[in-house]
A.B. asks: 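Before I ask anything, let me first share the structure, which is written out below as structure tokens.
Predicted model only: the values in this text are computed from it and were never measured.
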Amino acid sequence: FCECARLPEKLVWSFIQKLLMMNYRAKYTNVKDTNEQHDTQQRDSESSEYNSDDLKEMSTHPMDVQMAVFYCADGFLKQLMVTKLSQCQYALPLLVPDPFTQQIEFPFWTFRQINKSWKMNNTNNEIISHTEPIYKAETPMVFFFRFGAVSSSKSQLMNSLINEKHNTFFHRNCPGSSTSRVLMDGVVEIAWFCPSGTNYDTFTDCVAFCNLHGDAGDHEKQLQILTEMASVNVVLLPQLDRNKSIKMIQNLYTNKKPLICLLTEDESTVTEMNKTKFEIGLKERSHSDASEELRRAINDCLPETSFTFRLEDVSKHSDIRVDEEDDDDSSRGREAGKLWHQWCQKNKELHRPRADETEMDISRKQANLKRLREQQHAFNICTFIQFFIKEIHLLAENKIYFLKWLEIFLDEYISMDISVLHQKYDEKWSAVVKLKENNYKPEQLKTEQEEFERIYEEIQTVGFGLEHIMREIGQIYESCSSVKKNKKDLQVHFSSLPSLAAEMMVSGFPLELMDGDAAHVPVIWISAVLDQLIQKLGDQRAFVLSVLGTQSSGKSTMLNAMFGLQFAVSASRCTRGAFMQLVRLSDEMKTQMNFDYILIVDTEGLGALDLSGRSTRDHDNELATFVVGLANQTLISIFGENPSGMQDILQIVVQAFMRMKKVRLNPNCVFVHQKISDVTAREKNMEGRRRLLETLNEMTKLAAKDEGYDAECFSDVIRFDVQNDVKYFAQLWEGSPPMATPNPNYCENIQELKETIETCASKSHGMTLTHLKDRIKDLWDALLKEQFIINFRKSLEISAYRKLETEYSKWSWSLRSAMMETENKLHNQIENETIHEVKETNLQREMKKTSEKVKKSMSDFFEKDTNADILIQWKTSFEIKIKELQENIVRETETKLNQILQQEDLKKKIDAQKTHHENTLIEKSKKLALEFKDKTIDAEILKKEFDLFWKQCVKKIITERSRTNIHRSTKKFGYSLSREDEAQIRSLVTDIAQHTDSMIMSFNISKMGYDIRCIQQITDYIKKRVTEHQEGPVKYVFKNEFFRDLVLSICMRANKMITDLHRLFRDANDPAIYVKKKREQYYSIFKKYCHEATSVTIFGGIICQKLKEPIEQSVYKKTARDLADEIRMNCESLNGNRSKLEKYILKTLAEENDFDKYMNYIHNHKDHFKSFIRDEVSRYITDKFSVSVLPKMKENIKLLQQKIMKTAHESTECVQVDNGNVGLWLKSFTQQLSDELIFSEKDLSGVKHDDDDFSLLQDVIRDTLPDVMSEISLRFNTKAFPKNLDYKFRPDELLIDHFCQCCWVQCPFCKATCTNTIENHDGDHSVPFHRVIGLNGMHYKNTRNLSTSICTSAVASNRSFYPNASDDNVLWQEYRTAGGDYADWSITSDLSELPNWKWFVCKFKKDLEKYYNKTFEGREKHNLIRLLKQLKHISFKKKKSHIL
């Protein structure tokens, strides 16, 4: 906003913005009110206080702006305004008359958050510090008022007593002041003088000053209240004898209370009437002389009075409104902690295993953690927390007031304790220093030092605020969540607690992100709160801004001033850790930014020392890494302008940014030098920037050594502009506290920094709340494991890669789906003989639109995603993969379609034979009908004649049919081999079996029939694969029996598939079956001929009958494709990526509790995968048939009917224009339908049609087609649907084809399958969760004992294994040196394992022992016993989510 705003509305917002930034110049804005002059005159004339003549040249008075905002504000804004006015050392509204009713209000609520501090000498001449809420303070009060118009400014005179350098009370000579004041008359303002304990103090005690604005004679109520409550009354009037209020003056004079009369028209000096009554003339007197005499008079009066003033007492007066009493909302409104600290410590120990730890040690630690949680859960909730939870749920609409009141009362409760403790702290510190200087006895010094430390610790723990309450509630939630049950004394279900915290965040309260006392992030609690936040706000985007800096460097003050927040500001380090607060953007700002909120993360100071002198370096490193990794931008607050004294802090900061660089996060940073005495000297600032950059470069080199990173300067680590990313802030205060005012230059610096942040934020997309939740978890998990770079990069890259996989799944499905449409269209055209060639270029052209759309989506994803810096490493490879995928899809489709073209000759013979049979039957039916022409024959006799005729015709048509049988015999094969060899052979057999399935599908048996050459091709392929395998680096030789048994096994496996496909072919082409299906159709034609139907009528009927089968095929194909799309979207197990599908497979296995299925999953993973997809699709179709499948089929058949009728109409119009015949009509009709249906002229080639009445033909089709459609629709049901689907277009096969184009390589240790969604991908194989290696039969050498180790914990140990049953051992930590499959896997040391597999080993121990002919004995048996104890609470049938 510009300094000289043009509109009152802008003026109001300018005032609010400056005030929130603690800029005391907020009141000094003067605006000529020209546009709204008429409205102002009219409004003021109604109040009868000013006439229109007085207002002609009126300007908006600054105090009117303040009071207008005050009147219009709600309780919270009023309180914030008054708090900021107090920080700016301005007077505060004490009694405020309603501008319409003149009812006086005491805004008590607005004073509740104000604390004042001062120092004074006690009777022993010792300086004592006081800090307390101002509404509780009991002080003397001096009341100023005037009668009539006076020449001297009362407010200006008061300012000289309180602060000569600052206009505490706004007066007539202030910049922007005018005579047009409207809203201030009758307002009483109050301010306090707070002494600093020096000889320069005007008063030796805290003194309140009240100022009644306007003529006191017009405001009797205010005058009465304040004169009664005052310690000293000070009245301004022209002269005593000529004042109209002389009676009131006489009453005050006779009162015992001190009175000082200031006579503006009297030239006399101080006249002391008695000890407590003074007269002071102001005429012709200098302002300084008068104020000095007044000060002495007040100081003389104060010891003579016993009257003291408290804000609370103002509310006791009748006839005034107290905001807190009239506002319904406002009026309504640590043993377990030790266990939490222990749990945090144990959790860190668990995630930081020693090299010699075994699975049993890890299990023991996990059991200890669980026990601590159970103990934590067993603790009773204290009465206070119970009351808090109860009230916060009851006060749903008033909870903000409740929370504000609670903060106020807590501050009041602890303020005296803190003040006393600080006094003791100062005294004890002085005593310790004196003892050290005088070299006293060490024992005495030690005693004093211990007492000093005890006081320090007490100061650290005495602080208690809302954050501690929410911390306790968070621990209640985590303990309940851990043991899966509610606390007995918790009146609400624990699952409702995160919603409470989320509502508080929405309302503007900060939430503790890191518990500074325990140095731990309660991830379960924070994640639950963010989940609730997402439910309430949606998954909004937020720009995360964090701040780091030394203790007391002004971090929180800076954030509060910049964003109007209320982070706790204190010199003591009572509140520790990190807090986050949500700031909503205005609608205007949202249009300029790519996010909806700013999330502010405030932190404790870095570089502090414990009292023992121990550095908190590790904790500071942890905190800095956490908040830097979390943020899009970090502010680094530095005390002073000399970075040489800040080297430790800068090294911590540089190290944090270096870690982000190594994990491919690129946050932005701004350095803020606070409390700079001269920020205007450009040369000085340039020198400061140079020194800072030199120090940062030095710290970069030091940090690079610690992190093992190659960096020479700070710009190697982060994008940094020393000119724009370094800010110098002026001193916060002008002068010395407690009466100092905020420095306006500081406020300007705040505004400049805010603009820098906005510039950076406008280029960022921030992150979604879901991403924020994941980032918090990943960062903390990585920090727990100490090896941050490895672990966080792993978790961050896994998270980003999973997101990329999900997008890749969408892109690949878009390409496949588009190609399926194209393939179906071209297949129809081939069948209809409208095309005779399929080229790759044609298919690429068909895919162009979808391909461009996918490219655009990819580009947006890689450029705009929040993890763009991490994703960039895969951009090129995924672009290549998508290109290769498209080429493969095109190539496969071209091959399939060209195979169909090649098979057309054989198919033509089959189709020609079928057409010949049909046409023969039609002609013979017609000939028989002519014999009965003009004869009256009973329908029953007619039917018998047709039956006889039909039997004779069919007998001539049917020929001998050959049957196909496939060898069903097979033998099992198995030899004495090592576990690795067995796994290798099993993998070969599985791969061969899967490939032969694809070969069988490529034979197109359902269309072309079975050919004996199919088996020959399969046999040749098996022989080739076995030979290639044998020639590889294997230690065994296949016997002839192996090849024979393998061929027989594969043939038996393929038998059902081939038989089913051939059955489809036989049903469609065997004359006996085919003709049988056509009987009713020809009987209908026969009857029409008998009843002398026209040629066109019969021809139209035949067309409709011929369309029946193509329509049915088309409906099933289209529905299958639509259904595949729907299942990809709506089926929970199939609507994500490969990893998500794996979870559902494991969940199903746990529910079925079947050992054989588990082993099939482990050893035949891909087959199990396919079976699961088929089962899921089948279940979906069955469950959703009536609500989804059937409506789709009906919609598709309806669209086809419309298409056919439209085509018939257009063909008729075309033929009529060209004077064509039936042949031309039929050609036009079939060509227009060739994309949709397999229907061509050849299907009607033998049917004679003599009549050319096309309009009649169109009418016949229109009348007959609905009956055909109804007949087709009647056959739609759950059982018929899967049977009638074309195998290639089944939804399950489409989805299998989509999901199974991925990596199937299994971990050489535990058989977990690589989760990469790309086949033959670049880089290492990996899985998020490994298993117990005994599942793969791994056992200890020279024993029969199966192992219970898990890959991820084993690779952290100093144990070894024997690869491929060799005699040479390899350290687990160096597993890649074993070569082969071991070298291609990335297995990092962590605790990433699913309890599912531990449960499986315990549950099926005997089955596993029998399966592998080995046992779990020795220490492995003890491990299993411990596992059983850990997992005893798990019930897979009821609570599967506990383990998955």
Side-chain angles (χ1 to χ4, degrees), residues 49-50 54 61 63 91 141-164 167-175 177-181 184-191 202 207 209-220 222-223 226-227 230-255 257-274 276-301:
E49 294 187 25
Y50 299 91
D54 295 329
H61 195 284
M63 292 305 294
M141 187 267 280
V142 182
F143 174 44
F144 281 73
F145 57 97
R146 68 174 171 85
F147 285 116
V150 293
S151 57
S152 297
S153 170
K154 167 170 49 70
S155 298
Q156 189 173 10
L157 196 59
M158 295 178 73
N159 290 343
S160 65
L161 299 174
I162 300 171
N163 189 342
E164 291 183 347
N167 294 316
T168 305
F169 292 94
F170 198 88
H171 56 83
R172 65 184 68 165
N173 299 318
C174 285
S177 181
S178 68
T179 59
S180 60
R181 192 180 70 188
M184 281 301 292
D185 276 6
V187 174
V188 178
E189 290 187 301
I190 187 170
T202 307
V207 181
F209 288 85
C210 288
N211 183 6
L212 172 59
H213 292 275
D215 192 337
D218 298 333
H219 307 289
E220 294 181 1
Q222 293 94 312
L223 183 65
L226 271 301
T227 52
S231 306
V232 178
N233 287 307
V234 181
V235 58
L236 271 77
L237 64 166
Q239 285 188 348
L240 283 173
D241 55 346
R242 292 187 298 183
N243 195 278
K244 61 182 179 179
S245 302
I246 191 67
K247 186 175 180 181
M248 173 64 75
I249 301 297
Q250 289 172 345
N251 291 337
L252 291 172
Y253 189 82
T254 56
N255 195 305
K257 192 169 290 188
L259 174 67
I260 301 172
C261 295
L262 303 178
L263 308 176
T264 60
E265 302 300 325
D266 196 317
E267 297 180 2
S268 62
T269 55
V270 179
T271 304
E272 185 175 352
M273 314 299 293
N274 58 46
T276 59
K277 303 293 188 293
F278 294 85
E279 289 182 8
I280 302 175
L282 300 180
K283 189 175 182 181
E284 304 298 333
R285 303 284 304 283
S286 71
H287 182 78
S288 59
D289 289 346
S291 61
E292 179 60 25
E293 289 177 357
L294 178 59
R295 181 189 68 79
R296 282 199 296 266
I298 293 173
N299 273 324
D300 289 342
C301 290

A.B. asks: Going by atom types alone, do N211 and K154 pair a side-chain donor with an acceptor below 3.5 Å?
C.D. replies: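 Yes - a donor-acceptor pair under 3.5 Å links their side chains.
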
A.B. asks: Determine the minimum heavy-atom distance between C210 and V188, stating which atoms define it.
C.D. replies: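 Smallest heavy-atom distance, with atoms named: CB-CG1, 4.2 Å.
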
A.B. asks: Please report the closest heavy-atom contact between H61 and S178, naming both atoms and the distance.
C.D. replies: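 Taking H61 first and S178 second, the nearest heavy atoms are CD2-O, 3.2 Å.
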
A.B. asks: More than 12 heavy atoms of other residues, nucleotides or ligands under 6.0 Å from CD of E164: is that the case?
C.D. replies: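 Incorrect, the count does not exceed 12.
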
A.B. asks: Look up atom NZ in K277 and atom CG in N233, then write down how far apart they are to the nearest 0.5 Å.
C.D. replies: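 Between atom NZ of K277 and atom CG of N233 there are 9.5 Å.
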
A.B. asks: Check whether any side-chain N or O of E279 sits under 3.5 Å from a backbone N or O of T271 as a donor-acceptor pair, and report yes or no.
C.D. replies: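 A pair under 3.5 Å: no.
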
A.B. asks: Any side-chain to backbone donor/acceptor pair from S231 onto M141? Under 3.5 Å, distance only.
C.D. replies: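 Checked: pair present.
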
A.B. asks: Please report the closest heavy-atom contact between R172 and S151, naming both atoms and the distance.
C.D. replies: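 In terms of heavy atoms, the two residues are closest at NH1-O, 3.0 Å.
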
A.B. asks: Where is the tightest heavy-atom contact between P175 and F170, given as atom of each residue plus distance?
C.D. replies: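 Taking every non-hydrogen atom into account, O-CZ, 3.6 Å.
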
A.B. asks: Show your reasoning for whether side chain to side chain contact (heavy atoms under 4.5 Å, CB included) applies to T227 and M248.
C.D. replies: CA-CA 11 Å; T227 52; M248 173 64 75; 5.9 Å; no

A.B. asks: Any chance the rings of H213 and F169 have centres within less than 6.0 Å?
C.D. replies: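 For H213 and F169, the ring centres are not under 6.0 Å apart.
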
A.B. asks: Measure across L161 and S291 and return the closest heavy-atom pair with its distance rounded to 0.1 Å.
C.D. replies: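 Distance-wise, the nearest heavy atoms are CD2-O, 3.7 Å.
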
A.B. asks: Take D218 and D185 through the test side chain to side chain contact (heavy atoms under 4.5 Å, CB included) and record every step on the way to the result.
C.D. replies: CA-CA 9 Å; D218 298 333; D185 276 6; over 6 Å; no

A.B. asks: What's the verdict on side chain to side chain contact (heavy atoms under 4.5 Å, CB included) for E189 and M158, showing C-alpha distance, side-chain angles and the deciding distance?
C.D. replies: CA-CA 12 Å; E189 290 187 301; M158 295 178 73; over 6 Å; no

